Amino acid sequence: MNKDVRVRFAPSPTGHLHIGNARTAILNWLFAKHTSGKFILRIEDTDPERSKEEYTEQIYSDLQWLGLAWDEGPDVGGDYGPYKQSERLDIYARYTMILLEKGLAYKCFCTPEELEIMRKEAIEKGLSANYDRRCLHLSPEEIATREAQGLQAAIRFKVPEKDVVMNDLVKKQISFPYDSIGDFVIMRKEGIPTYNYAAVVDDHLMEITHVIRGDDHVSNTPKQILLYEAFGFEIPEFAHIPMILGPDRLRLSKRHGATSIDEYQARGYLPEALINFLSLLSWSSESGAEILSKERLIQEFDFNRVTQSAAVFNHEKLNWMNGSYIRESRPEELIDPVIPFFIKAGYPVDDRDRVLKIIKAVQEKIDYLEQIIDHAKIFFQDSITIEDAEARALVRKETSQKVFWSFLRELRAIDHIDMDTFRLIMKTVQKETGVMGKDLWMPIRIGLTGRIHGPELPMIVELLGKQTCQKFIEEIVNRFS
RNA sequence: GUCCCCAUCGUCUAGUGGUAAGGACUCAGGAUUUUCAAUCCUGCAACGGGGGUUCGACUCCCCCUGGGGACGCCA
């Protein structure tokens with residue numbers, strides 16, 4: 001019956017994996033998983049100017065970090081390789097010959113300068129900025145002369161005079177008048193294919209069933225459809241997903257801050273949260289739920305529920321969602337992800353149990369892992385400095401002094417402290433001093449951390465340990481009395 | 001300039017001819033709490049404009065406006 005689904009993510013290695021591309025990859029992956037199909041990675045490195053091997057590696061690792069495993073690709077192989085376009089040049093050349101022989105494509109000797117003038121003139125006249133076909137009617141002799149002069153030709157596709165209709169899984173039916181499509185170059189004079197051409201040849205040869213990509217490609221699609229028809233290839237399904245915009249409703253770009261996946265990784269966003277969030281840009285669950293596991297996304301994903309309109313990337317919501325994932329994580333799972341941030345901050349990491357306790361103490365306060373550095377600072381101080389004026393005033397209060405002395409007396413009487421003994425001690429302090437509530441707890445908090453806000457005190461005390469607690473309180477007593 | 005697409009709270013969205021236009025983020029207020037946070041509750045906030053069609057339009061059609069994309073020997 002239906003062919004097995006095969007989809008591809010086809011980035012060009014010209015930079016880091018961008019948020020928009022990542023979203024495209026995610027939807028491809030979700031659809032493949034949803035249909036038990038294959039997810040294929042193809043590297044479109046046909047631009048020698050901009051493509052770089054290091055970016056290919058970067059794309060691999062970004063995709064891996066997101067947890068999007070591919071079934072076929074340059075590194076893992078597959079039956080439809082090679083999966084890098086730069087290694088398929090002979091294939092494209094072969095198919096170009098077919099078009100040339102059938103008279104469906106022709107050589108073009110126009111220079112970039114000529115083309116630029118042509119374009120300007122067309123726009124001035126109010127016409128569409130298409131190629132005027134001046135090389136279409138070159139006689140064999142004229143072609144021979146130019147080639148004898150050493151001129152190299154690009155190959156242009158001769159666009160047939162018929163309107164093109166496409167049926168898109170998300171955009172539904174769109175038609176393009178034939179005269180809005182100009183004869184486009186399929187092979188550059190260096191013998192390297194252009195995007196529209198290579199994509200068609202590859203998608204056909206790789207038996208891609210669904211082309212899922214950003215909707216900035218819709219106007220490319222009629223060209224590609226024409227190519228499929230010229231070759232007699234079966235046309236795949238198309239699904240053009242809406243763009244992701246910045247807050248100014250312009251296409252998301254570097255100007256908008258962090259736009260590549262590795263930047264989010266570096267700040268301690270969780271891949272699951274990113275996938276969840278990006279999936280919800282222009283797609284929604286029928287249930288209305290927003291926090292959706294990968295499994296659930298896979299199960300529910302459907303093009304019928306993809307929106308038609310572009311979506312603004314909302315940082316605040318991402319932060320909320322990521323924070324939600326952090327809060328829902330088991331603290332143990334967070335140890336490894338958090339360690340790089342500890343190392344970066346110069347905090348010791350050899351005692352994993354201590355790291356775990358710190359995570360438990362601050363887990364609910366952070367939206368992304370990088371923020372743990374600031375919250376955990378209080379656990380690695382040698383001495384306490386009180387910056388805040390309100391805190392200084394509080395510490396000086398008479399009740400605070402009483403609390404300190406009482407607390408210190410209790411502390412000196414024991415040799416080890418944990419959350420429970422701390423609570424017990426505080427009860428005693430309360431009884432002895434008659435101080436309670438904020439006046440009781442706040443001096444201790446400030447004395448131990450220097451700050452007015454922070455994690456729950458019992459956790460702080462246990463993490464600091466008896467010696468450090470005693471030292472800090474002794475210091476503050478000396479300083480302020 | 002030409003072609004294509006889009007249009008519900010500030011943002012992400014639900015909606016599919018008859019709804020008090022629902023949810024989420026943000027924001028405000030409250031509850032809880034030894035602080036902050038988290039959590040829970042409450043609240044503010046939207047169908048771009050104009051014509052049709054219809055007994056009835058957020059929903060269908062047209063125009064306008066606004067936005068986006070494409071028109072590369074980039075992808």
Side-chain angles (χ1 to χ4, degrees), chain A residues 10-14 21 44-47 49-51 85 108 110-112 115-116 119-120 122-131 152-156 168 171 174-177 179-182 184-196 198-199 213-223 240 242-243 245 247 249-251 277 280-291 305 307-321 323-324 327 362-366 375 426 436-446 449 451-458:
Chain A
S12 60
T14 54
N21 286 138
E44 309 218 326
D45 53 352
T46 52
D47 184 349
E49 305 278 302
R50 301 196 299 148
S51 297
Q85 291 188 327
C108 171
C110 294
T111 64
L115 295 169
E116 186 52 36
R119 209 169 291 133
K120 272 190 186 146
I123 288 175
E124 267 169 35
K125 285 181 196 159
L127 303 169
S128 58
N130 289 330
Y131 182 62
Q152 283 181 304
I155 311 297
R156 275 185 194 275
D168 192 276
K171 304 275 176 191
I174 306 177
S175 55
F176 303 86
D179 56 1
S180 70
I181 310 167
F184 55 95
V185 170
I186 58 174
M187 280 294 233
R188 302 181 239 198
K189 65 171 179 289
E190 294 85 4
I192 298 169
T194 59
Y195 164 73
N196 283 122
R213 73 224 315 188
D215 74 8
D216 48 336
H217 284 292
V218 296
S219 46
N220 283 323
T221 310
K223 297 177 183 174
H240 287 96
M243 301 270 83
L245 274 27
R249 302 211 72 96
L250 251 40
R251 196 198 183 102
F277 178 73
L280 250 31
L281 250 31
S282 73
W283 177 84
S284 62
S285 162
E286 197 171 3
S287 69
E290 308 244 14
I291 302 287
R305 295 195 61 83
T307 322
Q308 312 273 304
S309 49
V312 171
F313 187 87
N314 184 189
H315 251 280
E316 282 165 340
K317 188 158 181 177
L318 201 218
N319 283 346
W320 163 78
M321 186 172 280
S324 160
R327 275 173 249 125
V362 303
Q363 181 174 13
E364 61 188 12
K365 299 181 187 303
I366 60 175
H375 284 97
M426 289 307 280
M436 44 203 279
K438 197 176 166 184
D439 285 335
L440 170 68
W441 298 89
M442 199 46 87
I444 301 294
R445 171 177 298 284
I446 298 167
T449 67
R451 297 184 187 186
I452 216 162
H453 303 306
E456 296 196 22
L457 265 177

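Residue numbering restarts at 1 for every chain, and letters A, B, ... go by the order of the sequence lines. All of these numbers come straight from a predicted model, not from anything done at the bench.
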Quick check: does any side chain N or O of S324(A) sit under 3.5 Å from a backbone N or O of W320(A), one acting as donor and the other as acceptor?
no

Gap in Å between the two P atoms, one belonging to A38(B) and one to U19(B), rounded:
38 Å

Using a 4.0 Å heavy-atom cut-off across all strands, classify K171(A) as base, sugar-phosphate, or nothing.
sugar-phosphate

The nucleotide from A24(B), C73(B), A7(B) with an atom nearest the side chain of W320(A) is A24(B)

Check your understanding: Do any side-chain nitrogens or oxygens of R249(A) fall under 4.0 Å of OP1 or OP2 in G66(B)?
Key -> no

| said: If we count only N and O atoms by modelled type, under 3.5 Å, do the side chains of T307(A) and S309(A) hold a donor and an acceptor together? | reply: no

Re G1(B): Watson-Crick or G-U wobble partner, both distances kept under 3.5 Å, found to be C71(B)

- Task: Remember a base hit wins even if backbone is also touched, and classify L250(A) as base, sugar-phosphate or nothing at under 4.0 Å, heavy atoms.
- Result: sugar-phosphate

- Task: Check whether any side-chain nitrogen or oxygen of T46(A) sits under 4.0 Å from OP1 or OP2 of A75(B), and answer yes or no.
- Result: yes

Contacts of E190(A) and R305(A) projected onto RNA chain B by closest heavy atom; the upstream (5') one is R305(A)

Between the base of A75(B) and the side chain of D216(A), is one N or O donor paired with an acceptor at under 3.5 angstrom?
no

- Item | Whether R445(A) side chain and P455(A) backbone form a donor-acceptor pair below 3.5 Å | yes

Per-nt protein contacts along nucleotides 29-38 of chain B (heavy atom under 4.0 Å; B base, S backbone sugar-phosphate only, - none) come out as -----BBBBS

Rounded P spacing from U13(B) to A31(B) in Å: 36 Å

Subject >> side-chain N/O R251(A) vs G68(B) OP1/OP2, d < 4.0 Å >> reply: no

Can you tell me how far P in A57(B) sits from the matching atom in G23(B), rounded to whole Å?
26 Å

Considering every strand and a 4.0 Å limit on heavy-atom distances, what is the contact class for E316(A): base, sugar-phosphate, or nothing? sugar-phosphate

What contact category does L280(A) fall into here, base, sugar-phosphate, or nothing, at under 4.0 angstrom with non-hydrogen atoms? sugar-phosphate

**Prompt:** Looking for any heavy atom pair under 4.0 Å, which part of the strands does T14(A) touch: base, sugar-phosphate only, or nothing?
**Reply:** nothing

Mind checking the C1' distance from C58(B) to A20(B)? Whole angstroms is fine. 15 Å

In short, P222(A) meets I181(A) closest at the heavy-atom pair CB-CD1, 3.7 Å

Select base, sugar-phosphate, or nothing to describe what N220(A) touches, counting heavy atoms under 4.0 Å on all strands. base

*Distance between the C1' atoms of U8(B) and A21(B), in whole angstroms?*
8 Å

The Watson-Crick or G-U wobble partner of U39(B), with both key distances under 3.5 Å, is A31(B)

Q | Rounded distance in Å between the C1' positions of C60(B) and G68(B) | A | 25 Å

Partner of A21(B) under the Watson-Crick or G-U wobble criteria, both distances under 3.5 Å, comes out as none

Walking RNA chain B from its 5' end, the first of R119(A) and D215(A) to be reached, judged by nearest nucleotide, is D215(A)

* With a 4.0 Å cut-off on heavy atoms, is A129(A) in touch with a base, just the backbone sugar-phosphate, or nothing at all? -> base

Between R327(A) and E364(A) the two heavy atoms that sit nearest each other are CG-CA, 3.7 Å

Are the side chain of R119(A) and the backbone of A129(A) linked by a donor-acceptor contact shorter than 3.5 Å? no

Count the heavy atoms of every other residue, nucleotide or ligand shown that sit under 6.0 Å from CD of E190(A), and state whether that count exceeds 12. yes

Picking from C74(B), U13(B), C3(B), the nucleotide nearest the side-chain atoms of R50(A) would be C74(B)

| Counting only N and O atoms by type, is there a donor-acceptor contact under 3.5 Å from the side chain of D45(A) to the main-chain atoms of Q85(A)? | yes

Quick one: is C71(B) close enough that its OP1 or OP2 comes under 4.0 Å of any side-chain N or O from S219(A)?
no

Quiz item: Across the strands shown, which category fits H240(A) at heavy-atom distances under 4.0 angstrom: base, sugar-phosphate, nothing?
Solution: nothing

Item to complete: Using the C1' atoms only, state how far C9(B) lies from G48(B), rounded to an integer number of Å.
Response: 14 Å

Point to revise | Interatomic distance at C1', G1(B) relative to C44(B), whole Å | key: 45 Å

The side-chain hydrogen bond (donor to acceptor under 3.5 Å, both in side chains) partner of H240(A) among D216(A), N220(A), D215(A), D168(A) is D168(A)

Taking C5(B), A75(B), U13(B) as options, the one with an atom nearest any side-chain atom of E44(A) is A75(B)

